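Fair warning: this is a prediction, and the values are worked out from it, not measured in the lab.
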Amino acid sequence: MKAAFFIILYLQQIMKFEPFTAAMGMLPAPVLMAIFMIVLAEKVMTKFWMKVTMFIGFLILGCSALLFSGNTVSGSYWSDVFIALLLASLGNALTYLPATTAAVSEAKSEESGLASGLYNTTYQVGSAVGLAILVSIAAATTSITEGNPVVALNQGYQQAFFWSGILAFAGAILALLFIRSPKQEE
């Protein structure tokens, strides 16, 4: 979740949370994601297959990022962060499991380790490149915004969240185009 980087910054630099408090504010994300993966993601994937599950997950991630993009300087944790964090956790659970499954599902058993390693490497590199792009967008927006520095910083974060949402919606489209469902394979 590339947005986590900006959520922490928003909590510390805009909402003035202490680092420990900001970290505790992020704690629901991995807990909820684990719960969603255990309780929900596999059931949804079994019922709707990888393609639809990833599509739904990316849509939820996009909506979450758009909610984050509306954060204000005078926002509150519960209305501006927690609800979007809840959605992001659900979206991540619904995209991560089918993405991992899709990455190794076509590999022969003797090549499954290679496929898994390639997937994880691609995921890490893609995340780093995506974060670098979003940081550049946030920094550029902040630097051209005049007035209160906190407002300028928040506008930079808003742009990063917005474009993160656009990337998630693009991921939904790509999932529809390139992930094969069992019906397509038959």
Side-chain angles (χ1 to χ4, degrees), residues 1-41 54 56-100 120-172:
M1 183 165 88
K2 290 178 284 298
F5 177 79
F6 293 102
I7 298 166
I8 286 288
L9 293 176
Y10 174 76
L11 289 173
Q12 289 184 29
Q13 296 177 343
I14 306 300
M15 296 185 75
K16 304 300 182 196
F17 281 28
E18 292 295 322
F20 180 77
T21 308
M24 290 298 103
M26 290 297 294
L27 186 60
V31 172
L32 289 169
M33 187 175 161
I35 291 169
F36 289 142
M37 284 184 85
I38 292 167
V39 174
L40 187 66
M54 283 179 73
I56 292 168
F58 276 124
L59 287 181
I60 292 170
L61 278 173
C63 291
S64 168
L66 291 183
L67 281 176
F68 279 124
S69 75
N71 286 354
T72 63
V73 173
S74 59
S76 79
Y77 174 80
W78 295 106
S79 63
D80 289 341
V81 177
F82 184 76
I83 294 169
L85 200 60
L86 174 75
L87 283 175
S89 299
L90 176 60
N92 275 319
L94 292 176
T95 55
Y96 187 77
L97 184 62
T100 306
N120 284 314
T121 300
T122 305
Y123 177 80
Q124 293 298 322
V125 170
S127 292
V129 170
L131 181 59
I133 291 168
L134 292 174
V135 166
S136 297
I137 290 169
T141 303
T142 300
S143 70
I144 63 170
T145 304
E146 296 179 7
N148 184 334
V150 174
V151 171
L153 201 53
N154 189 59
Q155 288 183 347
Y157 298 157
Q158 287 175 330
Q159 282 299 305
F161 287 128
F162 174 79
W163 287 105
S164 179
I166 298 301
L167 289 173
F169 292 136

Closer than 3.5 angstrom, by distance alone: can the side chain of Ser136 be matched with the main-chain N or O of Ala132 as a donor-acceptor pair? yes

Drop me the distance from Gln13's CD to Tyr157's OH, to the nearest 0.5 angstrom. 3.5 Å

Output yes when a side-chain donor or acceptor of Thr142 lies under 3.5 Å from a complementary backbone atom of Ala139, and no otherwise. no

Start with the C-alpha distance between Thr95 and Ile60, add both sets of side-chain angles, then the distance that settles side-chain contact (heavy atoms from CB on, under 4.5 Å), and finish with yes or no. CA-CA 10 Å; Thr95 55; Ile60 292 170; over 6 Å; no

Rounded at 0.5 Å granularity, tell me how far CG in Leu11 sits from OG1 in Thr21. 9.5 Å

Out of curiosity, Glu18 CD to Lys16 NZ, how far, rounded to the nearest 0.5 Å? 10.5 Å

Nearest heavy-atom pair of Leu87 and Ser64: which atoms, and what distance? CB-CB, 3.8 Å

Mind listing the closest non-hydrogen atom pair of Leu153 and Ile14 along with its distance? CB-CD1, 4.0 Å

Distance col, row Met33:CE vs Leu86:CG, nearest 0.5 angstrom, shows 13.5 Å

When every non-hydrogen atom of Gly75 is compared with those of Met15, the smallest separation belongs to O-CE, 3.2 Å

Does the side-chain contact (heavy atoms from CB on, under 4.5 Å) test come out yes or no for Ile7 and Phe161, once each step is laid out? CA-CA 9 Å; Ile7 298 166; Phe161 287 128; 3.9 Å; yes

Locate the shortest heavy-atom distance separating Leu134 from Trp163; write the atom from each residue and the value. CD2-CB, 3.9 Å

With a 3.5 Å distance limit and no angle check, can you tell me whether Asn154 reaches the backbone of Val150 through a side-chain donor-acceptor pair? no

Do the side chain of Ser164 and the main chain of Ala160 share a donor and acceptor less than 3.5 angstrom apart? no

Heavy-atom closest pair, residues Ala93 and Ala41: O-CB, 3.5 Å

Walk me through it: do Asn71 and Phe6 pass the test side-chain contact (heavy atoms from CB on, under 4.5 Å)? CA-CA 11 Å; Asn71 286 354; Phe6 293 102; over 6 Å; no

Hey, could you give me the CD/CD1 distance between Gln158 and Ile137, rounded to the nearest 0.5 Å? 14.0 Å

Search all heavy atoms of Gln12 against all heavy atoms of Pro19 and return the closest pair with its distance. NE2-CA, 3.8 Å

Rounding to 0.5 Å, atoms CG (Leu90) and CD1 (Ile56) come to a distance of 9.5 Å

Decide side-chain contact (heavy atoms from CB on, under 4.5 Å) for Leu85 and Phe68; before the verdict, give the C-alpha distance in whole Å, the side-chain angles of both, and the deciding distance to 0.1 Å. CA-CA 9 Å; Leu85 200 60; Phe68 279 124; 4.3 Å; yes

List the atom pairs, with distances to 0.1 Å, where a side-chain N or O of residues 77-84 and a protein N or O form a donor-acceptor pair under 3.5 Å, not counting sequence neighbours.
residue: Tyr77; atom: OH; partner: Gly25; partner atom: O; Å: 2.6
residue: Ser79; atom: OG; partner: Ser76; partner atom: OG; Å: 2.7
residue: Asp80; atom: OD2; partner: Ser76; partner atom: N; Å: 3.3

